[in-house]
Amino acid sequence: LHTKDKDMIIHHIFSDGSKYATPKVIDYGKSFSCAFSKSNGLHIFYFDESEKLRYKIYSNGNYTESALSSEDNIKSIYPICDESGALHLLYVAKMTSFYTLIYFSGERKIISFGESAPNRFCFYTQGKKICIQWQEGIKSYSCESDDSGNSFKKPIQIQFTKSKRANPAR
């Protein structure tokens, strides 16, 4: 929410369509992303006004500042929670002369690196499988783990095929 020359990150709970809680200001900042876990609550990642990456957990009506430390120069972050409630992070970091796409869930794993920043992500879990798809420039890539993120297959470029346009039946 942008107000009085500041960007606010707020949390507003709507319940059963008729009761609205008062919005709570989480902090002032930009570029947030979040993931929900039934067991651990709402995980909120955002960049504060000084562009420092922050992490808060909303659970049982309270916000808890959580530790987040990385030596990487993180530019964007994408969290998801699997069915068991485990938090998985995918983030883009700027290194000296290139960008890296990094997966983190207890251990840091470099998925890809290149001259342009990865974008347009699809990141999900299905059982023990973790799937990551992204775009770099005009190329699209895919990478998977079959063991809950302990190891990842080598990224592959997604090949698109040209097809003829379908004509609607008349």
Atom pair CZ/CD1 of F45 and I74 - distance to nearest 0.5 Å: 9.0 Å
same_hphob_cluster(I57, I80) at 4.5 Å side-chain heavy-atom cutoff: no
Side-chain heavy-atom pair E115, F98 within 4.5 angstrom cut-off: no
Side-chain heavy-atom pair P79, L87 within 4.5 angstrom cut-off: yes
Donor-acceptor pair, side chain of Q135 and main chain of G137, under 3.5 angstrom: yes
Intermediate values then yes/no, side-chain contact (heavy atoms from CB on, under 4.5 Å), C131 and Q126: CA-CA 8 Å; C131 298; Q126 185 176 25; 6.0 Å; no
Same apolar cluster: I44 and F36, side chain cutoff 4.5 Å: yes
Distance (rounded to the nearest 0.5 Å) between S105 OG and D82 CG: 7.5 Å
Cluster check M95, L89: I/L/V/M/F/W/Y, side chain < 4.5 angstrom: yes
Within-4.5 Å side-chain heavy-atom neighbours: I132 and I111: yes
Test item: S142 and W134 side chains (from C-beta on) under 4.5 Å apart, heavy atoms: no
Shortest non-hydrogen contact between E136 and G114, atoms and distance: OE1-CA, 4.1 Å
Heavy-atom side-chain proximity of E107 to N150 below 4.5 angstrom: no
Separation of C34 SG from K56 NZ (nearest 0.5 Å): 14.0 Å
Y141 OH: over 12 foreign heavy atoms closer than 6.0 Å: yes
Residue pair S50 / D48: nearest heavy atoms and the distance that separates them: OG-OD1, 2.8 Å
Close side-chain approach of Y91 and D72, heavy atoms under 4.5 Å: yes
CD on E144 to NZ on K154, rounded to 0.5 Å: 15.5 Å
Pair Q133-S140, side-chain hydrogen bond (donor to acceptor under 3.5 Å, both in side chains): steps then yes or no: CA-CA 7 Å; Q133 294 177 340; S140 296; over 6 Å; no
Verdict with supporting geometry, H88 and F123, side-chain contact (heavy atoms from CB on, under 4.5 Å): CA-CA 10 Å; H88 303 265; F123 178 40; 4.0 Å; yes
Whether S33 side chain and I77 backbone form a donor-acceptor pair below 3.5 Å: yes
Within 45° cone and under 6.0 Å: K94 NZ/CZ vs Y99 ring: yes
Considering all heavy atoms, the nearest N40-S59 contact: O-CB, 3.9 Å
E51 atom CD, neighbour heavy-atom count above 12 within 6.0 Å: no
Aromatic plane relationship, Y63 with Y58 - under 30° parallel, 30 to 60° tilted, over 60° perpendicular: tilted
Atom of G85, atom of S39 and distance for their closest heavy-atom approach: CA-OG, 3.9 Å
I102-F47 co-clustered via ILVMFWY side chain contacts under 4.5 Å: yes
Non-hydrogen atoms of D147 and S151 that approach each other most closely: OD2-OG, 2.7 Å
K129 vs Y124 side-chain heavy atoms within contact, under 4.5 Å: no
Any side-chain heavy-atom pair of F104 and K109 under 4.5 Å: no
Mutual orientation of the aromatic rings belonging to Y78 and F121 [parallel < 30°, tilted 30-60°, perpendicular > 60°]: tilted
Hydrophobic cluster identity match, I130 and V92, side-chain contacts under 4.5 Å: yes
